[in-house]
Amino acid sequence: MSLSTAADEDSAQEIHLPADIDWKMLDKSKFFFLGAALFSGVSATLYPVVVLKTRQQVCPAQSSCAKIAMSMLRREGFRGLYRGFGTSLTGTIPARALYMTALEVTKSNVGIATVRFGFPEPTAAAIANAVAGLSAAMAAQIVWTPIDVVSQRLMVQGGCTNQMEKNGKNPNASVSSNCKYRGGIDAFRKILSADGIRGLYRGFGMSILTYAPSNAVWWASYSVTQRLVWGGVGCYFCKKEENINENGSSVSSFRPDSKTVMAVQGLSAAMAGGVSALITMPLDTIKTRLQVLDGEGNDKRPPTIGQTVKNLVREGGWSACYRGLGPRWASMSMSATTMITTYEFLKRMSAKNQESLT
């Protein structure tokens, strides 16, 4: 693939990027096996940030991320930052496989269709990425939602209750995990016994409303920002070659090395992650509370979306919908950077014909 970055009457500039790898070019067994190993490592690295974000969203008492982290380390030790990680990892592997399959199949098919409809290549790529992100998120939520419900309850178990008691506060809504689950399997059984299968899919609709547009925005933004970065500063970090075309004009060609390609991909992913986090933050806060908190009164029925929004506004105004924005922004930016560089590396490692990628 090549990008035209600048041109005048006598000269032009092109950046020659490594070839794109579509679904048909991948060795599927290697793709899924290596993907499970690589993304398990990524999940382990970023998991503590997710725990902090979740606790900050659930606690009625306003508290900074640093304060929550210090409190957790004092009371629970380093292990507290990995509450529910085993459950999360168990579900992440099949969910990632489902996500990557839907992503690549949709991207390949939609990309071909948009080009046939006459869209220019940059627009076709952005549309294909957005639709692929949307479909991948919807497919993966079938597995991810039950895992989220269980792992998030383990994450917040006892945390907010202890902090509110220390501050002398009695919240109207209680954290569902106060029953002290002994682990992921125990939590799964108790949720299933109390609420049935619907309990495991609590917040499924909000999960779709959160992650589907978030993924669509992220993948479309990534496609656009990557081209902007290459067109703006990418050529300054590439090896320059001067050639003469058929018309006798001078053509400057830039061939980036693998480190430059990875750096641009990482920067573009971080920028796209920040945009996506800011746009979808209120939906994520509402979704997390629906999955973790019980309702008011003796029946403890799950709160509705309307009740959840009212409680948030009552606790801290509309800005309460952005609780945990710092950790989520950091998490999504770091996750996006590590995910996309890992994902692109995975695709190259899994390509059937390595020689065709140069």
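Numbers here are sequence positions counted from 1. Bear in mind the structure is a predicted one, so any value in this text is a computation, not a measurement.
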Check step by step if side-chain hydrogen bond (donor to acceptor under 3.5 Å, both in side chains) holds for Ser223 and Arg227. CA-CA 7 Å; Ser223 177; Arg227 288 179 176 275; 4.7 Å; no
Is it possible for you to say whether Leu34 and Tyr343 belong to one hydrophobic cluster, with membership spreading through side-chain heavy-atom contacts below 4.5 Å? yes
Gap between atom CZ of Phe188 and atom OG of Ser151 - 0.5 Å precision: 13.0 Å
Should the pair Tyr82 and Phe78 be assigned to parallel (<30°), tilted (30 to 60°) or perpendicular (>60°) ring geometry? tilted
Neighbour count above 12 (heavy atom, 6.0 Å) for Phe32 CZ: yes
Closest heavy-atom contact between Val143 and Pro94? CG1-CG, 4.2 Å
Is Lys28 salt-bridged to Glu104, cutoff N-O under 4.0 Å? no
Report the C-alpha separation of Ser64 and Ile68 in whole Å, then their side-chain angles, then the decisive distance to 0.1 Å, and conclude whether the side-chain contact (heavy atoms from CB on, under 4.5 Å) test is met. CA-CA 6 Å; Ser64 69; Ile68 292 174; over 6 Å; no
Determine the minimum heavy-atom distance between Ala140 and Ala95, stating which atoms define it. CB-O, 3.9 Å
Distance, nearest 0.5 Å, that separates OG of Ser276 from CG of Asp284: 10.0 Å
Examine distances only and state if a side-chain atom of Arg289 and a backbone atom of Gln57 form a donor-acceptor pair shorter than 3.5 Å. yes
Run Met206 and Thr308 through side-chain contact (heavy atoms from CB on, under 4.5 Å) and show every step you take. CA-CA 12 Å; Met206 280 303 302; Thr308 302; over 6 Å; no
Can you confirm whether Leu73 is buried at CG, in the sense that more than 12 heavy atoms of other residues, nucleotides or ligands lie under 6.0 Å from that atom? yes
Evaluate the criterion side-chain contact (heavy atoms from CB on, under 4.5 Å) for residue pair Phe204 and Arg198; output intermediate values, then yes/no. CA-CA 9 Å; Phe204 179 72; Arg198 291 181 61 184; over 6 Å; no
Give a yes or no answer on whether the side chain of Tyr47 reaches the backbone of Gly84 with a donor-acceptor pair at less than 3.5 Å. yes
Which atom pair, heavy atoms only, marks the closest approach of Ala269 to Ile340? CB-CG2, 3.3 Å
Test item: Ser350 and Met25 side chains (from C-beta on) under 4.5 Å apart, heavy atoms: no
Show your working on side-chain contact (heavy atoms from CB on, under 4.5 Å) between Met332 and Ser214 and close with a plain yes or no. CA-CA 11 Å; Met332 286 192 69; Ser214 175; 3.8 Å; yes
To the nearest 0.5 Å, tell me how far Thr280 OG1 sits from Arg328 CZ. 3.5 Å
In terms of hydrophobic clusters joined by side-chain contacts under 4.5 Å, are Val261 and Val229 together? yes
If you draw the axis of the six-membered ring of Trp329, does the NZ or CZ of Lys53 fall within 45° of it and under 6.0 Å from the ring centre? no
Is the shortest heavy-atom distance from the side chain of Ser40 to the side chain of Leu89 under 4.5 Å? yes
Euclidean distance, Thr145 OG1 relative to Leu200 CG, rounded to 0.5 Å: 10.0 Å
Without hydrogens or angle criteria, can the side chains of Ser193 and Arg189 be said to hold a donor-acceptor pair below 3.5 Å? no
Is there side-chain contact between Thr54 and Val50, with at least one heavy-atom pair below 4.5 Å? yes
Taking the side chain as C-beta and beyond, is there a heavy-atom pair between Tyr99 and Asn215 under 4.5 Å? yes
Minimum heavy-atom separation for Met281 and Arg323, please, with both atom names. CE-O, 2.9 Å
Let me see the working for Ser135 and Thr106 under side-chain hydrogen bond (donor to acceptor under 3.5 Å, both in side chains), right down to the final yes or no. CA-CA 7 Å; Ser135 64; Thr106 306; 3.0 Å; yes
Distance, nearest 0.5 Å, that separates CG of Leu134 from CG of Asn129: 12.5 Å
Hey, is CE on Met138 packed in by over 12 heavy atoms from elsewhere, all under 6.0 Å? no
Treating Ile, Leu, Val, Met, Phe, Trp and Tyr as nodes and any side-chain heavy-atom pair under 4.5 angstrom as an edge, say whether Val110 and Ile112 lie in one connected cluster. no
For a 4.5 angstrom cut-off between non-hydrogen side-chain atoms, does Leu52 reach Gln56? no
Go through the steps to decide whether Gln265 and Thr341 satisfy the test side-chain hydrogen bond (donor to acceptor under 3.5 Å, both in side chains), and finish with yes or no. CA-CA 7 Å; Gln265 289 172 343; Thr341 51; over 6 Å; no
Are Val275 and Thr225 close enough that some pair of their side-chain heavy atoms sits under 4.5 Å apart? no
Output for pair (Leu267 CG, Thr337 OG1), nearest 0.5 Å, gives 8.0 Å
Nearest heavy-atom neighbours spanning Gly91 and Ile147: CA-CG1, 3.6 Å
Would you check if Arg83 and Tyr181 make a side-chain contact, meaning some heavy-atom pair closer than 4.5 Å? no
Considering non-hydrogen atoms only, spot the tightest contact between Thr45 and Gly41 and give its length. OG1-O, 2.9 Å
Is there a path from Val149 to Leu192 through hydrophobic residues (I, L, V, M, F, W, Y) whose side chains come within less than 4.5 Å of each other? yes
Note, Tyr211 side chain near Lys287 side chain (heavy atom, < 4.5 Å): yes
Give the cluster check for Met155 versus Phe85: same hydrophobic cluster or not, with ILVMFWY residues linked at side-chain heavy-atom distances below 4.5 Å. yes
